[in-house]
Amino acid sequence: MTKPNLLELPLGVQLVYLAEGGANVIYRFVGKPVLAKKDPKRPLSPPTLDTDHGNIPTKLKGKLLRLRKETAADISYTEIARNFDTIIRPLFNPEELVDQTLIRLPEGLLSSCNEQLRTAERNGARPTKRHGSYLCLHEPFGLLITDMTTAGDPGASLAELKPKWLNQSPSAPATAHRCRTCALREMKNRESQLSGLKVQRSFCPLDLVSEQYEDVLRATGLIKGCKDRSRLARILYRNPTLQRLQSLQKTERDVGLHGPAAQSQEMSLAMTLRDCTMFIKIPHDEKSPVEIRLGDLDLKTGAGGKAGYWRDLETRLIDQGWYQRSNISQDSGECGLHSPRRPSQSYLA
């Protein structure tokens with residue numbers, strides 16, 4: 001039975017594919033197409049279709065639509081929304097989260113979207129690695145999520161980063177010379193080198209929460225979407241949302257090799273807080289407010305072998321000396337665990 005306050009997606013709303021991951025597809029709402037005037041400089045060209053953004057329902061403005069794919073995990077949006085509301089939402093201020101709200105879908109929408117995905121595959125408009133995966137037809141809901149794109153503000157820029165492991169792993173050796181993220185990056189880069197693949201460069205997350213501004217500035221040079229390193233560093237330096245996330249990661253320390261049962265809620269929350277994404281929407285005008293929100297906060301699950309994978313990875317990092325810096329790749333990055341510029345301090349979770 002439909003709850004009285006449950007949102008319903010209006011019939012006839014126009015959707016445009018924006019992006020997708022392994023488990024979800026994201027769509028943008030657009031207004032109904034209207035016929036634009038012919039271009040006098042191109043008299044033989046047909047009239048073009050413009051989009052009237054004014055007729056998008058108010059409740060959909062500033063939102064994107066997230067639709068669930070058919071996956072082996074098969075976790076319903078009802079469960080995802082319930083976990084978000086009861087476990088994740090209480091941990092943060094509302095303005096710190098990419099919000100998500102259940103919305104009932106009109107009949108036939110998912111089938112129509114799947115046809116569009118198949119057409120996009122034939123036209124080469126869909127990423128090849130996503131071919132063959134489609135929306136789950138027995139999922140009655142979508143999720144309305146906060147639109148953190150810069151579509152409504154062309155002069156703005158959007159920086160994205162994964163603030164993983166803002167504290168050292170609790171099962172890392174006490175004499176470690178690398179943090180957990182840098183140790184894993186080095187291990188993966190060595191594997192890439194042996195396979196003839198390009199190595200990846202990334203910032204050390206400990207730099208993000210350093211008391212030294214220069215460390216934060218160093219990290220911003222490797223953040224996706226960053227157009228102005230200095231401005232972004234000023235935004236992130238002692239940032240309350242980052243500090244809150246670091247504190248929560250420190251409290252929820254049931255990770256590594258000595259945590260609780262693999263499929264416990266404690267383990268799920270601990271890993272979720274270490275695998276979220278921070279979106280930073282920076283307006284062109286420096287006097288305008290910056291919007292910072294955390295997304296990708298679906299509660300992680302240890303099902304499907306993920307918990308075993310997490311622990312096997314930790315064992316490899318320890319046993320193969322990646323924490324100890326016994327192995328150094330050709331493009332070994334600088335880890336903030338023992339930065340010469342910062343005073344000695346503990347980063348244990």
Review point. Going through the checks in order, is the salt bridge (charged side-chain N to carboxylate O under 4.0 Å, His left out) test met by Glu191 and Lys198?
Key: CA-CA 10 Å; Glu191 292 171 351; Lys198 187 177 180 181; over 6 Å; no

- Query: Crowded around His131 NE2? As in, over 12 foreign heavy atoms under 6.0 Å?
  - Reply: yes

With a 6.0 Å cut-off (strictly less than), is the heavy-atom count around NZ of Lys59, excluding the residue itself, greater than 12? yes

Return yes if some donor-acceptor pair links the side-chain N/O of [X] with the main-chain N/O of [Y] below 3.5 Å, else return no.
X      : Y      : answer
Ser195 : Leu197 : no
Thr220 : Leu217 : yes
Arg126 : Arg130 : yes
Ser247 : Gln243 : no
Gln249 : Leu273 : yes
Gln14  : Gly12  : yes
Lys250 : Leu166 : no
Arg178 : Cys335 : no
Arg274 : Ala270 : yes
Asp285 : Lys287 : yes

**OP:** List the steps, then state whether side chain to side chain contact (heavy atoms under 4.5 Å, CB included) holds for Gln193 with Val199.
**Re:** CA-CA 7 Å; Gln193 288 172 356; Val199 300; 3.5 Å; yes

To check you understand the geometry: which heavy-atom pair defines the closest contact between [X] and [Y], and what is its length?
X      : Y      : answer
Gly336 : Asp207 : CA-OD1, 3.8 Å
Ala159 : Leu232 : CB-CD2, 4.2 Å
Pro173 : Gln324 : CB-NE2, 4.0 Å
Glu252 : Glu266 : OE1-O, 4.4 Å
Ser157 : Gly225 : CB-O, 4.4 Å
Leu208 : Val216 : O-CG2, 3.9 Å

Can you tell if the side chain of [X] reaches within under 4.5 Å of the side chain of [Y], non-hydrogen atoms only?
X      : Y      : result
Phe141 : Leu7   : no
Met267 : Trp310 : yes
Asn24  : Lys69  : no
Arg104 : Leu102 : no
Leu64  : Met148 : no
Leu184 : Cys182 : no
Pro163 : Leu161 : yes
Gln100 : Leu143 : yes

task = With side chain to side chain contact (heavy atoms under 4.5 Å, CB included) as the test, would you mind laying out the steps for Asn83 and Asp298 before giving the verdict?
result = CA-CA 8 Å; Asn83 287 336; Asp298 289 356; over 6 Å; no

Considering only NZ, NE, NH1 and NH2 on the basic side and carboxylate oxygens on the acidic side, decide whether [X] and [Y] come within less than 4.0 Å.
X      : Y      : result
Asp147 : Lys63  : no
Glu95  : Arg293 : no
Arg234 : Glu286 : yes
Asp153 : Lys281 : no
Lys188 : Glu186 : no

In short, ring pair (Phe, Tyr, Trp, His ring centres under 6.0 Å) pairs touching residues 66-117 with sequence neighbours left out are none

Which pairs, with at least one residue in residues 177-236 and sequence neighbours excluded, count as a ring pair (Phe, Tyr, Trp, His ring centres under 6.0 Å)?
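As it turns out, the ring pair (Phe, Tyr, Trp, His ring centres under 6.0 Å) pairs with a partner in residues 177-236, which skip direct neighbours, are His177-His338, Tyr213-Tyr237.
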
Does a donor on one side chain sit under 3.5 Å from an acceptor on the other, for [X] and [Y]?
X      : Y      : result
Tyr27  : Glu20  : no
Ser76  : Glu139 : no
Thr241 : Arg244 : no
Arg180 : Gln168 : no
Ser133 : Glu70  : no

Any pair counted as salt bridge (charged side-chain N to carboxylate O under 4.0 Å, His left out), so long as it reaches residues 74-91, sequence neighbours left out: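 Residue pairs with at least one partner in residues 74-91: Arg68-Asp74, Asp85-Arg89, Arg89-Asp99.
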
To the closest 0.5 Å, what do you measure between [atom1] ([X]) and [atom2] ([Y])?
X      : Y      : atom1 : atom2 : answer
Asp275 : Leu297 : CG    : CG    : 9.5 Å
Thr146 : Glu291 : OG1   : CD    : 7.5 Å
Ser202 : Asn189 : OG    : CG    : 7.5 Å
Lys300 : Ser268 : NZ    : OG    : 9.5 Å
Leu206 : Thr181 : CG    : OG1   : 7.5 Å
Leu245 : Leu294 : CG    : CG    : 6.0 Å

Just list the side-chain donor-acceptor pairs under 3.5 Å for residues 110-117, sequence neighbours left out, or say none.
from   : atom 1 : to     : atom 2 : distance (Å)
Asn114 : OD1    : Leu135 : N      : 2.7
Asn114 : ND2    : Leu135 : O      : 3.2
Glu115 : OE2    : Arg118 : NH1    : 3.4

Q) Checking side chain to side chain contact (heavy atoms under 4.5 Å, CB included) for the pair Leu91/Leu269: CA distance, chi angles, key distance, verdict? A) CA-CA 11 Å; Leu91 300 176; Leu269 177 58; 4.2 Å; yes

- request: Apply side chain to side chain contact (heavy atoms under 4.5 Å, CB included) to the pair Leu65 and Val13, showing each step before the final yes or no.
  value: CA-CA 11 Å; Leu65 180 65; Val13 168; over 6 Å; no

Contacts of Asp296 meeting side chain to side chain contact (heavy atoms under 4.5 Å, CB included) (sequence neighbours excluded), chain-then-number -> Lys162, Thr277

Sorted by chain and number, sequence neighbours left out, side-chain hydrogen bond (donor to acceptor under 3.5 Å, both in side chains) with Asn239 holds for none

Are Leu137 and Tyr134 in one and the same hydrophobic cluster, where Ile, Leu, Val, Met, Phe, Trp and Tyr link if side-chain heavy atoms are under 4.5 Å apart?
->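 Yes; tracing contacts between hydrophobic side chains, which count when under 4.5 Å, links both residues.
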
